[in-house]
Amino acid sequence: MLSKEIIVSYVPDTEVSVAAMVVQRAGKFKSSMHIECGTKRVNAKSIMGVMTMPIENGQKLIITAEGDDAEEAIANLEQFLTQ
């Protein structure tokens with residue numbers, strides 16, 4: 001299992017929610033993925049779970065992934081949230 005701590009530095013101001021964009025990106029990978037904030041941990045591929053996370057600028061998150069494409073999956077989510 002791989003993990004990476006990030007500080008969210010880009011939350012797009014669009015009609016589409018950030019949670020939906022995160023789930024869409026996570027869903028492109030075979031690896032299981034989770035997002036952690038404090039003591040809360042949710043499946044990054046679950047819209048209901050991700051909607052409960054405080055994904056906003058300045059927030060510290062830990063992205064974890066396990067599987068063959070875990071490194072690429074984490075990098076993709078990191079790139080999106082820290083543009």
- Item | side-chain contact (heavy atoms from CB on, under 4.5 Å) between Lys28 and Asn76, intermediate numbers included | CA-CA 10 Å; Lys28 294 179 180 180; Asn76 185 281; 5.9 Å; no
- Item | side-chain contact (heavy atoms from CB on, under 4.5 Å) between Arg41 and Thr64, intermediate numbers included | CA-CA 10 Å; Arg41 182 174 192 246; Thr64 61; 3.8 Å; yes
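Listed here is the closest heavy atom pair of Val22 and Leu77: O-CD1, 3.9 Å. Considering all non-hydrogen atoms of both residues, Val8 and Glu56 come closest at CB-O, 3.3 Å. Nearest approach of Asn57 to Ser9, heavy atoms of both residues: OD1-C, 3.2 Å. Across Cys37 and Gln59, no two heavy atoms sit closer than the pair SG-NE2, 3.0 Å. For the pair Ala65 and Ser31, the tightest heavy-atom approach, listed with the atom from each and the gap, is CB-CB, 4.4 Å. Across all their heavy atoms, Met51 and Ala19 have their closest contact at CG-CB, 3.7 Å.
Hydrophobic clustering, with ILVMFWY side chains joined whenever heavy atoms are under 4.5 angstrom apart, groups Val23 together with Phe80. Note: the hydrophobic cluster containing Val42 also contains Ile47 (ILVMFWY, side chain heavy atoms under 4.5 Å, direct or indirect links).
Taken to the nearest 0.5 Å, the CG atom of Leu61 stands 5.5 Å off from the CE atom of Met53. Put simply, NZ on Lys45 and CD1 on Ile35 are 12.0 Å apart, with the number rounded to the nearest 0.5 Å. Summarising the geometry, atom OG belonging to Ser46 is positioned 9.5 Å from atom NE2 belonging to His34; distances are rounded to the nearest 0.5 Å. Atoms CD1 and CD1, on Ile6 and Ile63 in that order, are 4.0 Å from each other to the nearest 0.5 Å.
Annotation: salt bridge (Lys or Arg N to Asp or Glu O under 4.0 Å) contacts involving residues 60-78, sequence neighbours excluded, comprise Lys4-Glu78.
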